[in-house]
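Just below is one structure, and these are the notes that go with it.
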Amino acid sequence: MKSVLEGRPGLRRIVEDTAEVAGFLWQRGWAERNGGNITVNVTEYADEEMRMAPAIAGPFDTGVDLPHLGGAFFYCKGTGRRMRDLARNPMANGAVIRLSEDGRRYEIIADEPVVPTSELPSHLSMHEFMIASGNGYRAVLHTHPTDLVAMSHNPAFLGKDVLTELLWSMIPETRAFCPKGLGVVPYCLPGSVELAERTVEQLGGYDVVLWEKHGVCAVAEDIFEAFDMVDTLAKSAEIYRSARSMGFVPDGMSREQMDEIKRAFNL
Ligand code: 13P
Ligand code: ZN
């Protein structure tokens, strides 16, 4: 069977970019087994043929209310699929899905009947928020960065913006390139609607959200931007851990130094 990517260079590029980032996640040690998931809104590449394509599986319930996503298309990592496998073969480890006009159901339309990630309720709820707010964001990335997850096991770090301030103060780049900081969602069952709802509550203020004792979720215009924010925050967490393991508490940039970055970068 012909791949949905054939004759659609824009869609192919999105899928290839996603595969490249999936490889980064594995290399960084953030994607044990099937850990993490990615979805990208690809509605802009859906032509008439894709709109009319017969379903190869479904319909399935989305489980969440998505009034702005009627008729939308997404490329999604498959549930139980490995990032390292997706990096090599994205259409055998991910699928393109099409939402119904009321956004309550979806069908898999290409290339194989790969069931989307178990975190689809959170991902689609975040896409719904992004379309409703008109921010132009298309990508959602969830991954398990070791040092950030470790930090989420300390209740002292989970107060509003406590981790944001600490991570910003570790290196100027984090203040500059993750300017909204890191929201926190208390532990919820993976894949649950509660996790989806608590995550969306944070998106008004943050582009990256820490899921307590689980991982992070980032939203951005494209998958590289989403990866870069997580990578930057993870770098700060690594610097913190490195300093602590050398036996001292890192000094951290001062508030004046962080404010200077804010002014310099017009944040
Ligand atoms: P999936 O394999 O269903 O994408 O789940 C991985 C994960 O990280 C759940 O939070
Ligand atoms: Zn996870």
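Counting starts at 1 for both ligands and their atoms, in listed order.
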**Request:** Report the C-alpha separation of Glu201 and Arg198 in whole Å, then their side-chain angles, then the decisive distance to 0.1 Å, and conclude whether the salt bridge (charged side-chain N to carboxylate O under 4.0 Å, His left out) test is met.
**Result:** CA-CA 5 Å; Glu201 278 168 22; Arg198 300 297 297 264; 3.5 Å; yes

**Request:** Answer yes if Phe24 and Tyr75 sit in the same cluster of Ile, Leu, Val, Met, Phe, Trp and Tyr residues linked by side chain heavy atoms under 4.5 Å apart, and no otherwise.
**Result:** yes

**Complete:** ligand 1 to Gly36, heavy atom cutoff 4.0 Å, flagged ligand atoms 4 (O), 6 (C), 7 (C), 8 (O)

**Asked** What atoms in ligand 1 come closer than 4.0 Å to a heavy atom of Asn37?
**Response** 1 (P), 4 (O), 5 (O), 6 (C), 7 (C), 8 (O), 9 (C)

**Request:** Identify which one of Asp161, Thr199, Thr164 satisfies the side chain to side chain donor-acceptor pair (under 3.5 Å) criterion when paired with Tyr206.
**Result:** Asp161

**Request:** Give the atom name of whichever N/O/S atom in His214 sits closest to the Zn ion (ligand 2).
**Result:** NE2

**Prompt:** If you look at His144, which of its N/O/S atoms is nearest to the Zn ion (ligand 2)?
**Reply:** NE2

**Asked** Does any N/O atom on Gly80 come nearer than 3.5 Å to any N/O atom on ligand 1?
**Response** yes

**Prompt:** More than 12 non-hydrogen atoms from neighbouring residues, nucleotides or ligands closer than 6.0 Å to NZ on Lys262, yes or no?
**Reply:** no

**Sidechain N-carboxylate O distance under 4.0 Å for Arg255, Asp259** = yes

**Prompt:** Which protein heavy atom lies closest to atom 9 (C) of ligand 1, and at what distance to 0.1 Å?
**Reply:** Glu119 OE2, 3.2 Å

**Fill in**
Scanning both residues in full, the closest heavy-atom pair of Pro59 with Arg105 reads CB-CB, 4.1 Å

**Item:** Options Thr79, Leu195, Val115, Leu189, ranked by nearest heavy atom to atom 3 (O) of ligand 1, top entry
**Value:** Thr79

**Message:** With heavy-atom distances below 4.0 Å as the criterion, list the atoms of ligand 1 near Thr117.
**Reply:** 1 (P), 3 (O), 4 (O)

**Item:** Side-chain H-bond candidate by donor/acceptor type, His127 with Thr39, under 3.5 Å
**Value:** yes

**Message:** Could you check whether any side-chain heavy atom of Phe177 comes within less than 4.5 Å of a side-chain heavy atom of Asp228, counting everything from C-beta outward?
**Reply:** no

**Asked** For ligand 1, which atoms sit closer than 4.0 Å to a heavy atom of Lys77?
**Response** 1 (P), 2 (O), 4 (O)

**Fill in**
Within 4.0 Å of some non-hydrogen atom of His144, the atoms of ligand 1 are 8 (O)

**Fill in**
If we number the atoms of ligand 1 from 1 as shown, the ones under 4.0 Å from a heavy atom of His214 are 10 (O)

**Prompt:** Asn34 heavy atoms, cut-off 4.0 Å: which ligand 1 atoms fall inside?
**Reply:** 1 (P), 2 (O), 5 (O), 6 (C)

**Request:** State whether Glu112 and Arg81 are salt-bridged, where the test is any N-O pair (Lys NZ or Arg NE/NH1/NH2 against Asp/Glu carboxylate O) under 4.0 Å.
**Result:** no

**Those atoms of ligand 1 less than 4.0 Å from some heavy atom in His142** = 8 (O), 10 (O)

